[in-house]
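The first residue of the sequence shown is numbered 1, and numbering continues consecutively from there.
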Amino acid sequence: QAESLANKHKQYIFSKFVYSKFINNKLISQENEEMYLSWYYYYEMELILEKVGFKNIIYQEAFFKNENHMIFTGEN
């Protein structure tokens, strides 16, 4: 069972999961998990890295697991 709430303006997703284990149609155990996931755009991430002291920041894009990913490298 899963439930998610996305806020595009504050750039986060809140997800709530319930994992259940059944044996012979009998509930044996249950586990709840909550997860907050924030995302940043290119210029925001670059600014964050600069503010914490990184220099010569290089940005690359990579495609894996059927998604585009941003990769930042820099010197501190």
> Which heavy-atom pair separates W39 from I13 by the least distance, and what is that distance?
CZ3-CG1, 3.6 Å
> Can you confirm whether the side chains of Q11 and S38 place a donor and an acceptor under 3.5 Å from each other?
no
> Using the rule that Ile, Leu, Val, Met, Phe, Trp and Tyr join whenever any side-chain heavy atoms are under 4.5 Å apart, tell me whether F22 and Y19 fall into a single cluster.
no
> How far apart are the closest heavy atoms of M70 and Y40, and which atoms are they?
CE-O, 3.3 Å
> For Q1, does the CD atom have more than 12 heavy-atom neighbours from other residues, nucleotides or ligands under 6.0 Å away?
no
> If you compare all heavy atoms of F14 against all heavy atoms of Y12, which two are closest, and at what distance to 0.1 Å?
N-CD1, 3.9 Å
> Testing the basics here: between E46 and I57, what is the closest heavy-atom pair and its distance to 0.1 Å?
O-CD1, 3.9 Å
> Would you kindly confirm whether I23 and L27 end up in one hydrophobic cluster when ILVMFWY residues are joined by side chain heavy atoms under 4.5 Å apart?
no
> Hey, does the side chain of N24 reach the backbone of K26 with a donor-acceptor pair shorter than 3.5 angstrom?
no
> Heavy-atom count check: over 12 atoms from other residues, nucleotides or ligands less than 6.0 Å from Y43 OH?
no
> Could you verify whether a donor N or O on one side chain and an acceptor N or O on the other, from E61 and N68, lie under 3.5 Å apart?
no
> Would F17 and E34 count as a side-chain contact (heavy atoms from CB on, under 4.5 Å) here? Give the steps.
CA-CA 6 Å; F17 301 93; E34 294 183 353; over 6 Å; no
> Do H69 and F64 have side-chain heavy atoms sitting under 4.5 Å apart?
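H69 vs F64: side chains touch.
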> When the ring planes of F72 and Y59 are compared, do they come out parallel, tilted or perpendicular, using 30° and 60° as the limits?
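F72 and Y59: tilted rings.
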> Please determine which of M45, E44, K51 meets the side chain to side chain contact (heavy atoms under 4.5 Å, CB included) test together with L47.
K51
> Please identify each residue that fulfils ring-ring contact (aromatic ring centres under 6.0 Å, His included) with F54, with sequence neighbours left out.
none
> Do V18 and Y36 belong to the same hydrophobic cluster, where Ile, Leu, Val, Met, Phe, Trp and Tyr are linked whenever their side-chain heavy atoms lie under 4.5 Å apart, directly or via other members?
no
> Same cluster or not: are V52 and I58 linked, directly or through other Ile, Leu, Val, Met, Phe, Trp or Tyr residues, by side-chain heavy atoms under 4.5 angstrom apart?
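Different clusters: V52 never reaches I58 through Ile, Leu, Val, Met, Phe, Trp or Tyr contacts under 4.5 Å.
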